[in-house]
A.B. asks: 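This is the structure I have questions about; it appears just below.
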Amino acid sequence: MSKPVVAIVGRPNVGKSTLFNALAGEKISIVKDTPGVTRDRIYADVSWLDTDFTLIDTGGIEPESKDIILSQMREQAQIAIDTSDVIIFITDVKQGLVDSDSKVADMLRRSGKPVILVVNKVDNFDKYMADTYEFYNLGIGDPVPISASSRLGLGDMLDKVIEHFPEHAGEEEEDSRPRVAIVGKPNVGKSSIINKLLGEQRVIVSDIAGTTRDAIDTEIVHNGKEYVFIDTAGLRRKNKIKEELERYSIIRTVTAVERADVVLVVIDATQGVTEQDAKVAGIAHERGKGVIIVVNKWDAIEKNDKTMREYENEVRRVLSFMPYAEIMYVSAVTGQRLPKMFDMIDMVIENQTLRVATGVLNEILMEATAMQQPPSDKGKRLKIYYMTQVAVKPPSFVIFVNDKELMHFSYQRYLENKIRESFGFKGTSLKFFVRERKERDN
C-alpha cells in the first residue's frame, strides 16, 4: 500500500505553511503575511510514531471569492481533498470564527473524509483556550489547539491524524503485478500510449492539455503477464493558461509515483526535454523508483544518422542527476517500439530487486580501491573497511569507513560506477549510506 496522504487546508493566512514547515522539519513553503502567498501545493514525507505519510500544503480556500487566484486555490484544495486520506482543517484563534470557515467546513463535510479541526495561533493556552470553543459551531468535531510557530500541541494533533489512517497503511501490497506510473507534462501522449498498448480507447485522449485530471489505473496483459499502468495528470509550465493545473498534478504525480515500481517519464520529441520534464523525473528519482525516459512522437522527427545520439546527449544533459535512467524512442500513433517497453520494464524491476552478496561487493571494493586510492585530507586517509547491501527498491548499500568526512562525493560516485560496471543496475538509482566504525586494535 502507498503511504497515506494528509492535506492541510483552510482559509488564506491562518498558518498552513507554518504548520507544514514545522511538520516537514524544514522551510519548504513560503511564509508571508499576505493572503495567497502559497499558490503551489507542496508535499513532503513526514513520519510520526513510526508511521510514514505524505503531507500536502495547499493554497488557502476562499469559498465565494471571484478573485481568479483565490478561486484557483479553491479548486486546488478540492483536488487535495479528493486525493487525501485525512484532512487537517486549520483555523485562526486570533481572527476567530468567520463565515468563510463555515463554508470551508461545508466543503470538507461533503468530502466524507476524516477531518481534524485545528485552531492555530494558540500561543498561550491560558489566554486563548476559551476562544477555541466557538469553533465547535463548525460541527466537524473537537477543535485541537496548537501553535504552529511555537510547535505547541503538534503531537496531540498528529495522534488524531494517524488514528484515521487505513489499517495496514504503508505496508506492502500482496498484489505482485508490476505497477507502472506514466508521468509527464500535458499533451505528451501519456494516455495515447496506454490506449495503443490496450488496443482500445480506455483513457480520454484530447489535444487539450490537462485532459487527464485523475490518476487512472489500467490493467494491461502482455504475453500472459498482467501490468498495472497508472496514468496521471500532466505537469504544465506555470506561465501557460491556468497555473493551477501544475499544482493539481504535482500531488497526482507524487502519489502515483509512490505506488509504482517503475516510472515512465514521457517526453514530447517535438518539444525536446525541458525543465518541467526534469521536475517530473526528479520526483521519481527522489523516491528511488525505476525510471525509463520514453521519448514519444519519434515518428514526427526528421532524422539522420546522428539524430538519436544528439537527442540522447541532450536528455542526459538536462537529466544529469539520473544517468542510470533507460531511454527509449516510441510513437503512440504508429505503435513503434511500444511492445519493447514491457521487456524494459521487466529488466528495470529485476535490477530494482537485485541483491549482491557481501563477499562479492567487497571483492569489487578491494579492486576499486587498489585502482584508485581513497582520498585523504590533512594527512589522514580514508579507510574503507567493507560494504554490504541492506535493501532493495532501490538497491541500498552501507559503506563502513574510519571517517565519513573523508568520503568525498566524487569517490562515492566512483565506487557506484564500479558496482554498475559489474552488475549494471540499469534503470534504477543506487543509495549509499556511509557509517563510521572504530578501527580495531591489533
A.B. asks: Please name all residues satisfying side chain to side chain donor-acceptor pair (under 3.5 Å) with R413, sequence neighbours left out, ordered by chain then number.
C.D. replies: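 Residues passing side chain to side chain donor-acceptor pair (under 3.5 Å) with R413: none at all.
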A.B. asks: Do D261 and K393 sit within salt-bridge range, that is, some charged N less than 4.0 Å from a carboxylate O?
C.D. replies: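 So D261 pairs with K393 through a salt bridge.
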A.B. asks: Identify the two heavy atoms, one from A148 and one from N120, that lie closest to each other, and give their separation to 0.1 Å.
C.D. replies: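 In terms of heavy atoms, the two residues are closest at N-OD1, 2.9 Å.
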A.B. asks: For the CG atom of D92 and the NZ atom of K16, what is their distance to the nearest 0.5 Å?
C.D. replies: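 If we round to the nearest 0.5 Å, D92:CG and K16:NZ are 10.5 Å apart.
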A.B. asks: Which heavy atom of A256 sits nearest to which heavy atom of A181, and what is that distance?
C.D. replies: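 Taking A256 first and A181 second, the nearest heavy atoms are O-CB, 3.8 Å.
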A.B. asks: Taking only residues two or more places apart in sequence, or in another chain, which ones meet D156 in a side chain to side chain donor-acceptor pair (under 3.5 Å)?
C.D. replies: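 For D156 there are no side chain to side chain donor-acceptor pair (under 3.5 Å) partners, ignoring immediate neighbours.
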A.B. asks: Return the CG to OG1 distance between L138 and T91, rounded to the nearest 0.5 Å.
C.D. replies: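 If I round to the nearest 0.5 Å, the distance is 7.0 Å.
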A.B. asks: Applying side chain to side chain contact (heavy atoms under 4.5 Å, CB included), run through M407 and I384 and close with a yes or a no.
C.D. replies: CA-CA 9 Å; M407 176 62 91; I384 302 177; 4.1 Å; yes
A.B. asks: Which atom pair, heavy atoms only, marks the closest approach of V392 to T353?
C.D. replies: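 Nearest heavy atoms, V392 then T353: CG1-O, 3.7 Å.
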A.B. asks: Can you name the closest pair of heavy atoms from N362 and T358 and give their distance?
C.D. replies: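 Taking N362 first and T358 second, the nearest heavy atoms are ND2-O, 2.7 Å.
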A.B. asks: Could you walk me through whether T54 and V6 pass side chain to side chain contact (heavy atoms under 4.5 Å, CB included), step by step?
C.D. replies: CA-CA 6 Å; T54 298; V6 178; over 6 Å; no
A.B. asks: Restricting to side chain to side chain contact (heavy atoms under 4.5 Å, CB included), what partner residues turn up for K380, sequence neighbours left out?
C.D. replies: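 Only N402, D403, L406 meet the side chain to side chain contact (heavy atoms under 4.5 Å, CB included) criterion with K380.
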A.B. asks: Could you tell me the separation between the CD atom of E416 and the NZ atom of K431, rounded to the nearest 0.5 Å?
C.D. replies: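 Interatomic distance, E416 CD to K431 NZ, rounded to 0.5 Å: 9.5 Å.
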A.B. asks: Looking at S150 and S147, would you say the former's side chain and the latter's main chain have a donor-acceptor pair under 3.5 Å?
C.D. replies: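 Pair absent, no side-chain N/O of S150 close to backbone of S147.
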A.B. asks: Taking atom CD as the centre, does E350 end up with more than 12 heavy-atom neighbours from other residues, nucleotides or ligands that are less than 6.0 angstrom away?
C.D. replies: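 Not more than 12 within 6.0 Å, no.
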A.B. asks: May I ask you to check if R437 and Y385 form a cation-pi contact, with NZ or CZ under 6.0 angstrom from the six-membered ring centre and within 45° of the axis?
C.D. replies: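 Yes - R437 lies over the ring of Y385, closer than 6.0 Å to its centre and within 45° of its axis.
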A.B. asks: Of all residues at least two apart in sequence or in a different chain, which pass the side chain to side chain contact (heavy atoms under 4.5 Å, CB included) check with V221?
C.D. replies: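 For V221, the residues satisfying side chain to side chain contact (heavy atoms under 4.5 Å, CB included) (neighbours in sequence not counted) are E226.
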A.B. asks: Less than 4.5 Å apart, side chain to side chain, heavy atoms only: is that true for Q389 and P395?
C.D. replies: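 Q389 vs P395: side chains touch.
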A.B. asks: Got a sec, which residues hit ring pair (Phe, Tyr, Trp, His ring centres under 6.0 Å) with F432, two or more places apart in sequence or on another chain?
C.D. replies: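 Once residues adjacent in sequence are excluded, the partners of F432 under the ring pair (Phe, Tyr, Trp, His ring centres under 6.0 Å) criterion are F397.
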A.B. asks: List for me each residue that meets side chain to side chain contact (heavy atoms under 4.5 Å, CB included) alongside A325, sequence neighbours excluded, and say none if there are none.
C.D. replies: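 With sequence neighbours excluded, A325 shows a side chain to side chain contact (heavy atoms under 4.5 Å, CB included) to V291, I293, R316, M322, given in chain and number order.
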A.B. asks: Hey, mind stepping through M328 and I292 against side chain to side chain contact (heavy atoms under 4.5 Å, CB included) and telling me if it holds?
C.D. replies: CA-CA 7 Å; M328 62 184 306; I292 300 171; 4.1 Å; yes
A.B. asks: Keeping K426 on the side-chain end and V348 on the backbone end, is there a donor-acceptor pair under 3.5 Å?
C.D. replies: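 No, because the side chain of K426 does not come within donor-acceptor range (under 3.5 Å) of the backbone of V348.
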A.B. asks: D123 and S149: side chain to side chain contact (heavy atoms under 4.5 Å, CB included), yes or no, with the steps?
C.D. replies: CA-CA 8 Å; D123 306 310; S149 59; 3.9 Å; yes
A.B. asks: Would you call the rings of F342 and F229 parallel, tilted or perpendicular, taking 30° and 60° as the class edges?
C.D. replies: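 Judged by the thresholds at 30° and 60°, the geometry between F342 and F229 is perpendicular.
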A.B. asks: Keeping the roles fixed (side chain from R420, backbone from F425), state whether a donor-acceptor pair exists under 3.5 Å.
C.D. replies: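 Flag set: sc R420 to bb F425 pair under 3.5 Å.
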A.B. asks: E326: which residues meet the side chain to side chain donor-acceptor pair (under 3.5 Å) condition with it, sequence neighbours left out?
C.D. replies: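 E326: no side chain to side chain donor-acceptor pair (under 3.5 Å) contacts found.
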A.B. asks: For the pair K160 and D142, find out whether any cationic side-chain nitrogen is under 4.0 Å from an anionic carboxylate oxygen.
C.D. replies: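 Salt bridge between K160 and D142, a charged N being under 4.0 Å from a carboxylate O: no.
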A.B. asks: Side-chain contact test, heavy atoms from C-beta onward, threshold under 4.5 Å: evaluate it for I267 versus V188 and give yes or no.
C.D. replies: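 No. Closest side-chain heavy atoms not under 4.5 Å.
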A.B. asks: How many angstroms lie between OG in S192 and CG in N187, if you round to the nearest 0.5 Å?
C.D. replies: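 Output value for this atom pair is 8.0 Å.
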A.B. asks: Quick one, I193 and N296 - any side-chain contact, counting heavy atoms below 4.5 Å?
C.D. replies: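 Yes, side chains in contact.
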A.B. asks: Could you tell me if the side chain of K121 sits less than 4.5 Å from the side chain of I146, heavy atoms only?
C.D. replies: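 Result no, sub-4.5 Å side-chain heavy-atom pair not found.
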A.B. asks: Restricting to side chain to side chain donor-acceptor pair (under 3.5 Å), what partner residues turn up for S102, sequence neighbours left out?
C.D. replies: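 Partners of S102 by the side chain to side chain donor-acceptor pair (under 3.5 Å) criterion come out as none, since no residue qualifies.
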A.B. asks: In Å and rounded to the nearest 0.5 Å, what is the CG to CG distance from D101 to N137?
C.D. replies: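 Atom-to-atom, D101:CG and N137:CG are 11.0 Å apart.
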A.B. asks: Roughly how far, to the nearest 0.5 Å, is CD1 of I230 from CD1 of I194?
C.D. replies: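 Here the interatomic distance stands at 9.5 Å.
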A.B. asks: For a 4.5 angstrom cut-off between non-hydrogen side-chain atoms, does L55 reach I8?
C.D. replies: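 A side-chain contact exists here, since the closest heavy-atom pair is under 4.5 Å.
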A.B. asks: Does the side chain of Q412 reach to within under 4.5 Å of the side chain of V434, using non-hydrogen atoms?
C.D. replies: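 Yes, at least one pair of side-chain atoms sits under 4.5 Å.
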A.B. asks: Is the shortest side-chain heavy-atom distance between V5 and I56 below 4.5 Å?
C.D. replies: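 SC-SC contact between V5 and I56 confirmed.
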A.B. asks: With sequence neighbours left out, which residue pairs that include part of residues 112-137 fulfil the ring pair (Phe, Tyr, Trp, His ring centres under 6.0 Å) condition?
C.D. replies: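 Pairs touching residues 112-137 that pass the test: none.
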A.B. asks: Heavy-atom distance under 4.5 Å between the side chains of L19 and I88, does that happen here?
C.D. replies: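 L19 vs I88: side chains touch.
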A.B. asks: Just checking, any donor-acceptor pair under 3.5 angstrom between side chains of N351 and T428?
C.D. replies: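 T428 and N351 do not have a side-chain donor-acceptor pair below 3.5 Å.
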A.B. asks: Given the rule in the salt bridge (charged side-chain N to carboxylate O under 4.0 Å, His left out) test, do K94 and D131 qualify, once you have shown the distances and angles that lead to the verdict?
C.D. replies: CA-CA 8 Å; K94 294 179 180 177; D131 295 332; over 6 Å; no
A.B. asks: Of all the heavy-atom pairs spanning D52 and S47, show the shortest one and how long it is.
C.D. replies: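 For D52 versus S47, the nearest heavy atoms are OD1-OG, 3.0 Å.
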A.B. asks: Using the ring pair (Phe, Tyr, Trp, His ring centres under 6.0 Å) rule, collect all pairs that involve residues 267-288, keeping only residues at least two apart or in two chains.
C.D. replies: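 Applying ring pair (Phe, Tyr, Trp, His ring centres under 6.0 Å) to every pair that reaches into residues 267-288, excluding sequence neighbours, yields H285-F321, H285-Y324.
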A.B. asks: Using side chain to side chain contact (heavy atoms under 4.5 Å, CB included) as the criterion, list what pairs up with L158, not counting sequence neighbours.
C.D. replies: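 For L158 the side chain to side chain contact (heavy atoms under 4.5 Å, CB included) partners, ignoring immediate neighbours, are L23, W48, F53.
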A.B. asks: Return the minimal non-hydrogen interatomic distance between A105 and I140, and the atom names on each side.
C.D. replies: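 For A105 versus I140, the nearest heavy atoms are CB-CD1, 4.2 Å.
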A.B. asks: Which pairs, with at least one residue in residues 263-278 and sequence neighbours excluded, count as a salt bridge (charged side-chain N to carboxylate O under 4.0 Å, His left out)?
C.D. replies: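 Salt bridge (charged side-chain N to carboxylate O under 4.0 Å, His left out) check on residues 263-278 returns K185-D277, D268-K297.
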